[in-house]
Amino acid sequence: MLSAKDAKLINCHTCGKLNDHKDSECSRCNTAIHIRKTNSLERTWALIITGAILFIPANVYPIMSLEMFGESHEDTILSGIEKLFDSGTWIIGFLVLFASIIVPVAKLIGLGYLLLSVQLKIHKKPKDLTKLYRLIEIIGRWSMLDIFVIAILVSLMQLGAIATINAKVGATFFGLVVIITMFASASFDPRLIWDNVREKKNGKG
Amino acid sequence: MTKTPLLIACHDCDTLHEIKEISHGQNAICNNCEKVIYQEKRNTIEETLALVIAGLIFFIPANLYPILSFEILGRIQTSTLFSAVVKLYEEGSIFVAIIVFATSILIPLIKLLGMLFVLLPLHFNKAPYYLPLLFRSIKFLNTWGMIEVYMLGILISMVKLADIAIIVAGIGLWTFAALLLVVVLVSLSTNESEIWQKMESINAKR
């Protein structure tokens, strides 16, 4: 399993053309090319730490306020989910729980695990690690679900004292978490997992 | 003339593979990490172009007509994709408004228009200078268009509000669903390597 790197080639991540390792730009699509994503580990760490910190205010502060028939109260992400479960629409409750809590937490932990495996040179099951990475890349965007629900509710419920919903600062923090974790998964380079595996094999041989 | 083997590197694990011919509709999978490394889909440019045009047509009513209307105590409030953004902006959630605008309206539109300006010249065997940059930008924006997530958000909002008011789906919702379907079909029928290869071969002839 000779890699492009071993063959002194760079795979353009935009168009898939193999370029000479001395080139700095893809000859077909002009993308700036690198053997591996630059500072992948440092950037991914920085982004997941930022994401983890922002996840706290995203959950502590309310994401929206509801005023109906003169009564008003505020909802956090978790209290909103609890309400969905209470009202008997547990499938919807589970969807929101999955998108707003499980996916972001799993992404942060999963990326942290991938980073540690690369840095501690764990060579076991590289295929599973790669699959974990692909899963993280695919599901990340679905976390935006709650933000869209808020947008729709806010635009529909603008009837003054009868029924009004407003977005609160928790929603801003949560939106930031989703965007930052999407950038985090984009900055991780799964080829680093396989570089370790190759290094070990070559060392032995 | 000796034929040198055409090589391709796996995007996820960097393993080099020799490109072998596969039949139409098949995928070549990396034997190291099981990533799809290339697909055999031919003549996808015309098919994708047709879908892109359909998408642009659906985009207009999906944005002009109300997605949902909400009726309580005889008062009716309707919502379009853009009015949701405006409301968020007006009440001060500027950042959330920007995210929603970008992921549900702006990026899907840029992607469709961008694909039109990539595929139309290629269809007429032309490759203007801006093509590589434009197609590259579309690929970069790929994960940031989120209309399928938005669609699920609409359905959840309908369930949430069903207890307290009458919720009616508008023309906007049906055309938005059609837009979603077309956008999914566009991403399924697009063969990136065919587009890059066609650009390259047109440029080589010049």
K.L.:
I would like to know whether Arg134(A) and Cys33(B) meet side chain to side chain contact (heavy atoms under 4.5 Å, CB included); could you show each step before the answer?
P.N.:
CA-CA 11 Å; Arg134(A) 272 175 222 153; Cys33(B) 76; 3.1 Å; yes
K.L.:
Give the member of Ser27(A), Cys29(A), Gly175(A) that has the highest number of heavy-atom pairs under 4.5 Å with chain B.
P.N.:
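That would be Cys29(A).
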K.L.:
If I measure from the heavy atoms of chain A, does Phe95(B) come under 4.5 Å with its side chain, its backbone, both, or neither?
P.N.:
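Only the side chain of Phe95(B) comes within 4.5 Å of chain A.
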K.L.:
Measuring only between side-chain heavy atoms, which start at C-beta, is Leu73(B) closer than 4.5 Å to Phe69(A)?
P.N.:
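Leu73(B) vs Phe69(A): side chains touch.
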K.L.:
Which atoms form the tightest heavy-atom contact between Glu91(B) and Ala167(A), and what is the distance?
P.N.:
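The pair with the smallest heavy-atom distance is OE2-N, 2.9 Å.
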K.L.:
Side chain from CB out, backbone as N, CA, C, O: work out which of these in Lys17(A) comes under 4.5 Å of a heavy atom of chain B, or both, or neither.
P.N.:
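It is the side chain, since no backbone atom gets that close.
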K.L.:
By a 4.5 Å heavy-atom criterion (distance strictly below it), what part of Ile67(B) contacts chain A: side chain, backbone, both, or neither?
P.N.:
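Interface part for Ile67(B): neither.
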K.L.:
For residues Ile72(B) and Met68(A), report the shortest heavy-atom separation together with the two atoms involved.
P.N.:
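Nearest heavy atoms, Ile72(B) then Met68(A): CD1-CE, 3.9 Å.
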K.L.:
Side-chain contact test, heavy atoms from C-beta onward, threshold under 4.5 Å: evaluate it for Asn166(A) versus Lys87(B) and give yes or no.
P.N.:
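Side-chain contact under 4.5 Å: no.
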K.L.:
Identify the two heavy atoms, one from Thr15(B) and one from Arg198(A), that lie closest to each other, and give their separation to 0.1 Å.
P.N.:
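Here Thr15(B) and Arg198(A) meet closest at OG1-NH2, 2.9 Å.
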K.L.:
Output the residues of residues 178-192 of chain A for which the shortest heavy-atom distance to chain B is under 4.5 Å, in residue-number order; output 'none' if no such residue exists.
P.N.:
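Within residues 178-192 of chain A, the residues under 4.5 Å from chain B are Ile179(A), Met182(A), Phe183(A), Pro190(A), Arg191(A).
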K.L.:
Under 4.5 Å from any heavy atom of chain A, what part of Val159(B) do you find: side chain, backbone, both or neither?
P.N.:
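Contact with chain A involves the side chain of Val159(B) alone.
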K.L.:
Within a strict 4.5 Å, meaning less than it, do heavy atoms of the Met158(B) and Ile152(A) side chains meet?
P.N.:
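Answer no - side chains too far apart.
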K.L.:
With the side chain counted from C-beta on, respond yes when Val100(B) and Ile147(A) share a heavy-atom pair under 4.5 Å apart, and no when they do not.
P.N.:
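Answer yes - side chains close enough.
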K.L.:
How long is the gap from CD on Gln197(B) to CZ on Arg28(A), to the nearest 0.5 Å?
P.N.:
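Interatomic distance, Gln197(B) CD to Arg28(A) CZ, rounded to 0.5 Å: 6.0 Å.
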K.L.:
Quick check for you: to the nearest 0.5 Å, what is the distance between Glu90(B) atom CD and Ser155(A) atom OG?
P.N.:
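Glu90(B) CD to Ser155(A) OG: 11.5 Å, rounded to 0.5 Å.
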K.L.:
Among Leu156(A), Leu176(A), Thr14(A), single out the residue with the greatest number of heavy-atom pairs under 4.5 Å to chain B.
P.N.:
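With the most close heavy-atom pairs to chain B, the winner is Leu156(A).
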K.L.:
Within a strict 4.5 Å, meaning less than it, do heavy atoms of the Lys160(B) and Ile92(A) side chains meet?
P.N.:
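The answer is no; the side chains never approach within 4.5 Å.
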K.L.:
Could you look at Leu2(A) and say if it's the side chain, the backbone, both or neither that has a heavy atom under 4.5 Å from chain B?
P.N.:
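Interface part for Leu2(A): both.
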K.L.:
So Phe148(A) and Leu152(B), do their side chains get closer than 4.5 Å, heavy atoms only?
P.N.:
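They are not in side-chain contact.
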K.L.:
Decide if atom NZ of Lys83(A) counts as having more than 12 heavy atoms of other residues, nucleotides or ligands within a radius under 6.0 Å.
P.N.:
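More than 12 within 6.0 Å, yes.
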K.L.:
Might you confirm whether atom OH of Tyr130(B) has over 12 heavy atoms from other residues, nucleotides or ligands at distances under 6.0 Å?
P.N.:
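Enclosed.
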K.L.:
Within this structure, what is the CZ-NE2 distance for the pair Arg136(B) and His13(A), rounded to the nearest 0.5 Å?
P.N.:
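Between atom CZ of Arg136(B) and atom NE2 of His13(A) there are 8.5 Å.
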K.L.:
Under a 4.5 Å heavy-atom cutoff, which of Asp128(A), Asp146(A), Leu159(A), Thr130(A) has the most pairs with chain B?
P.N.:
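Among the listed options, the one with the most contacts to chain B is Leu159(A).
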K.L.:
More than 12 non-hydrogen atoms from neighbouring residues, nucleotides or ligands closer than 6.0 Å to OH on Tyr113(A), yes or no?
P.N.:
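Result for OH/Tyr113(A): open.
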K.L.:
Passes side chain to side chain contact (heavy atoms under 4.5 Å, CB included), Asn32(B) versus Lys127(A)? Steps please.
P.N.:
CA-CA 8 Å; Asn32(B) 193 40; Lys127(A) 206 186 269 186; over 6 Å; no
K.L.:
Tell me, for Ile165(A) versus chain B, whether the close heavy atoms (under 4.5 Å) come from the side chain, the backbone, both or neither.
P.N.:
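For Ile165(A), backbone heavy atoms alone lie under 4.5 Å from chain B.
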K.L.:
Do you know the tightest heavy-atom contact between Leu153(A) and Ser157(B)?
P.N.:
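Nearest pair, atom of Leu153(A) first, then Ser157(B): CD2-CB, 4.0 Å.
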K.L.:
Under a 4.5 Å cut-off applied to non-hydrogen side-chain atoms, are Trp142(A) and Met146(B) in contact?
P.N.:
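SC-SC contact between Trp142(A) and Met146(B) ruled out.
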K.L.:
So, does Asn11(A) use its side chain to make a donor-acceptor pair with the main chain of Ala9(B) at under 3.5 Å?
P.N.:
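Here the side-chain-to-backbone pair exists.
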K.L.:
Between Ala84(B) and Ala151(A), which heavy-atom pair has the shortest distance, and what is it?
P.N.:
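Looking at all heavy atoms of both residues, the closest pair is CB-O, 3.7 Å.
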K.L.:
Measuring from atom CD1 of Ile94(B) to atom OG1 of Thr172(A), what distance do you get when rounded to the nearest 0.5 angstrom?
P.N.:
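Answer rounded to 0.5 Å: 9.0 Å.
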K.L.:
Who among Ile10(A), Leu84(A), Val154(A), Leu145(A) has the most heavy-atom pairs with chain B under 4.5 Å?
P.N.:
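Most heavy-atom pairs under 4.5 Å with chain B: Leu145(A).
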K.L.:
How far does SG of Cys15(A) sit from CE of Met199(B), to the nearest 0.5 angstrom?
P.N.:
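It comes to 9.0 Å.
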K.L.:
Does any heavy atom of chain B fall under 4.5 Å from the side chain of Lys5(A), the backbone, both, or neither of them?
P.N.:
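Both backbone and side chain of Lys5(A) come within 4.5 Å of chain B.
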K.L.:
What is the distance from atom SG of Cys13(B) to atom OH of Tyr133(A), rounded to the nearest 0.5 Å?
P.N.:
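OH of Tyr133(A) is found 13.5 Å from SG of Cys13(B).
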K.L.:
With respect to chain B, which residue among Thr31(A), Ile150(A), Leu95(A) yields the maximal number of heavy-atom pairs within a distance under 4.5 Å?
P.N.:
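When all of Thr31(A), Ile150(A), Leu95(A) are compared, Thr31(A) has the most.
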K.L.:
Provide the closest heavy-atom pair for Gln158(A) versus Gln77(B) in the form atom of the first, atom of the second, distance.
P.N.:
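Smallest interatomic distance, heavy atoms only, reads O-OE1, 3.4 Å.
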K.L.:
With a 4.5 angstrom heavy-atom cut-off, could you sort out which part of Ile162(A) is near chain B: side chain, backbone, both or neither?
P.N.:
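Side chain only.
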K.L.:
Given that the side chain runs from C-beta out, which part of Thr89(A) has a heavy atom under 4.5 Å from chain B: side chain, backbone, both or neither?
P.N.:
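Side chain of Thr89(A) only, per the 4.5 Å heavy-atom cut-off to chain B.
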